[in-house]
There are 2 protein chains.
Amino acid sequence: MSANSRLTTAAHALAWIGLYQRQGHEVATSEQIATSANTNPVVIRRLLGELRRAGLVESRRGAGAGWSLARELGSITLLDVYEAVEPGPLFAMHRTTPDQGCVVGHGIQPAMRGIYQDIEETLRHELARVTLEKVLRDVLAAPRQPL
Amino acid sequence: MSANSRLTTAAHALAWIGLYQRQGHEVATSEQIATSANTNPVVIRRLLGELRRAGLVESRRGAGAGWSLARELGSITLLDVYEAVEPGPLFAMHRTTPDQGCVVGHGIQPAMRGIYQDIEETLRHELARVTLEKVLRDVLAAPRQPL
DNA sequence: GGCTGTCGTAACTGTAATCGTTACAGCGGA
DNA sequence: TCCGCTGTAACGATTACAGTTACGACAGCC
């Protein structure tokens with residue numbers, strides 16, 4: 001599968017902002033997050049823009065600008081992030097519509113649509129079980145670098 | 001998401017072969033399947049080649065050549081097809097390794113890896129619950145075209 | 001009011017995956 | 001020998017995403 005790092009990077013950004021705020025800071029800049037994620041600030045701003053549209057973060061402009069959480073880490077789930085950041089369905093139908101004169105060609109899309117819907121429902125349920133609070137906890141539980 | 005139609009087309013091909021064999025035919029050709037799926041025979045041959053490597057179908061060459069099922073539709077699950085046809089994991093890590101000097105950058109990948117593994121395990125479990133027999137049944141249950 | 005730092009966004013490039021297509025060698029029964 | 005189909009390489013088109021540069025917009029601060 002064309003693996004997608006958007007969910008990973010978005011979770012990274014949220015965890016970073018959350019930890020930074022717990023250390024007493026008001027806002028985090030896209031530059032700081034980009035340094036941690038080893039990428040470009042614009043990539044972070046684009047992702048956080050989608051998270052803002054979903055109501056997960058807020059941004060300030062002007063001097064002393066930056067990003068802050070709009071909700072507690074404990075109330076944000078990976079499903080919230082997934083829906084904010086991943087547009088399409090997990091599995092796609094054919095690019096061109098199959099031969100409607102063929103029994104299989106006619107029935108395959110309704111059949112697969114129903115099956116895929118069930119599977120995605122389960123996926124969403126699993127994603128909804130993981131909060132960003134847990135993500136940050138797991139992050140901090142990672143073993144230190146051996147010296 | 002960059003939606004992938006490989007699983008859909010592979011299931012289509014298997015259902016088509018299965019139904020064709022139940023109608024008394026020995027083998028199906030990539031040309032026939034491609035006509036039903038409204039695509040190119042080479043695309044079908046490539047997909048079926050991967051399914052053959054996974055032991056799901058067999059192919060004959062020479063005159064009267066074509067494809068046949070290596071196992072009953074009832075014993076093939078969408079998980080078998082998924083594993084044969086989709087290479088990578090569902091969610092990817094960062095393209096470049098995050099800043100290991102940052103607490104979040106250091107811990108994010110182990111944390112997400114663990115979470116993703118759990119989720120993919122659930123996905124596989126769901127895929128394993130659907131047999132190609134059920135897919136074909138759903139295909140045939142699709143309502144006829146209204147005249 | 002101007003300065004400054006950051007957001008917000010457009011535009012473009014590079015890279016990778018997939019699909020579609022053409023071409024052709026290989027196989028094996030008739 | 002002939003013929004139909006497999007097997008596979010090669011190439012172009014399309015799409016998605018990451019990365020980058022550039023620049024306007026905003027708002028606190030001097």
Side-chain angles (χ1 to χ4, degrees), chain A residues 1-10 12-13 17 20 25-35 37-53 57-68 70 84-98, chain B residues 1-10 12-13 17 20 25-35 37-53 57-68 70 84-98:
Chain A
M1 159 149 314
S2 65
N4 222 344
S5 67
R6 295 168 63 86
L7 182 59
T8 304
T9 307
H12 186 150
I17 299 174
Y20 198 59
H25 301 89
E26 282 277 331
V27 297
T29 69
S30 61
E31 172 99 31
Q32 295 170 314
I33 303 170
T35 299
N38 193 17
T39 181
N40 193 290
V42 176
V43 175
I44 300 297
R45 290 206 288 268
R46 278 197 291 235
L47 273 175
L48 287 180
E50 301 180 46
L51 296 185
R52 183 188 48 210
R53 243 165 275 138
V57 300
E58 292 167 345
S59 65
R60 268 192 236 163
R61 309 187 62 170
W67 302 83
S68 56
V85 146
E86 303 278 359
L90 203 52
F91 302 110
M93 290 298 130
H94 313 65
R95 295 192 169 181
T96 65
T97 68
Chain B
M1 160 148 315
S2 63
N4 222 346
S5 66
R6 297 168 63 85
L7 182 60
T8 303
T9 307
H12 186 151
I17 299 173
Y20 198 58
H25 301 89
E26 282 278 330
V27 297
T29 70
S30 61
E31 172 99 31
Q32 294 170 315
I33 303 170
T35 299
N38 192 17
T39 181
N40 194 290
V42 176
V43 174
I44 300 297
R45 290 207 287 270
R46 278 197 291 234
L47 273 175
L48 287 180
E50 302 179 46
L51 296 185
R52 184 188 47 210
R53 244 165 273 138
V57 299
E58 291 166 345
S59 64
R60 267 192 237 163
R61 310 188 62 170
W67 302 83
S68 55
V85 146
E86 302 279 359
L90 203 52
F91 302 111
M93 290 296 131
H94 313 65
R95 293 194 170 179
T96 64
T97 68

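FYI, side chains are in, hydrogens and waters are out, and symmetry mates aren't considered; it's all heavy atoms of this structure. So that the names make sense, note that chain A is the first sequence line, chain B the second, and so on, each numbered from 1.
- Atom pair B:Glu26:CD and C:dG29:C1' shows a separation of 14 Å (rounding to whole Å applied).
- Atom NE2 in B:His25 sits about 17 Å away from atom C1' in D:dC5, given to the nearest Å.
- Residues B:Gly49 and B:Trp67 approach most closely at N-CH2, 4.0 Å, considering heavy atoms.
- B:Ser5 places no side-chain N or O within donor-acceptor distance of the main-chain N or O of B:Thr8, the cut-off being under 3.5 Å.
- The distance between atom CD of A:Glu58 and atom P of D:dA27, rounded to the nearest whole Å, is 15 Å.
- Counting to the nearest Å, the C1' atom of D:dT20 and the CD1 atom of A:Ile44 are 14 Å from each other.
- In terms of phosphate contacts, A:Arg6 brings a side-chain nitrogen or oxygen within less than 4.0 Å of OP1 or OP2 of D:dA18.
- When rounded to the nearest whole Å, the span between CG of A:Asn4 and P of C:dT18 equals 13 Å.
- A:Leu47 pairs in a side-chain contact (heavy atoms from CB on, under 4.5 Å) with only one of the listed residues (A:Thr39, A:Thr9, A:Val42), which is A:Thr9.
- Note: CZ (A:Phe91) to P (C:dT18) measures 13 Å, nearest angstrom.
- Contact detail for B:Asn38 and A:Thr96: the closest heavy-atom pair is O-OG1, 2.8 Å.
- With rounding to whole Å, A:Leu7 atom CG is found 11 Å from D:dA18 atom P.
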Just the table, please: protein N/O against nucleotides 6-10 of chain C N/O, every pair under 3.5 Å.
| unit_1 | atom_1 | unit_2 | atom_2 | d |
| --- | --- | --- | --- | --- |
| C:dC7 | OP1 | A:Ser30 | N | 2.9 |
| C:dC7 | OP1 | A:Trp67 | NE1 | 2.9 |
| C:dC7 | OP2 | A:Ser30 | OG | 2.7 |
| C:dC7 | O2 | A:Arg61 | NH2 | 3.0 |
| C:dG8 | OP1 | A:Arg52 | NH1 | 2.2 |
| C:dG8 | OP1 | A:Ser59 | OG | 2.6 |
| C:dG8 | OP2 | A:Arg52 | NH1 | 2.8 |
| C:dG8 | N7 | A:Arg45 | NE | 3.0 |
| C:dG8 | O6 | A:Arg45 | NH2 | 3.1 |
| C:dT9 | O4 | A:Arg45 | NH2 | 3.4 |

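- Using the six-membered ring where Trp is involved, A:His94 and B:His12 have ring planes that are perpendicular, over 60° apart on the 30 and 60° scheme.
- Computed from coordinates, the B:Asn38 CG to C:dT21 C1' distance equals 14 Å when rounded to whole Å.
- A pairwise comparison of heavy atoms in B:Leu51 and B:Val85 identifies CD2-CG2, 4.0 Å as the closest pair.
- A close approach under 4.0 Å does not occur between any side-chain nitrogen or oxygen of A:Arg95 and OP1 or OP2 of D:dT14.
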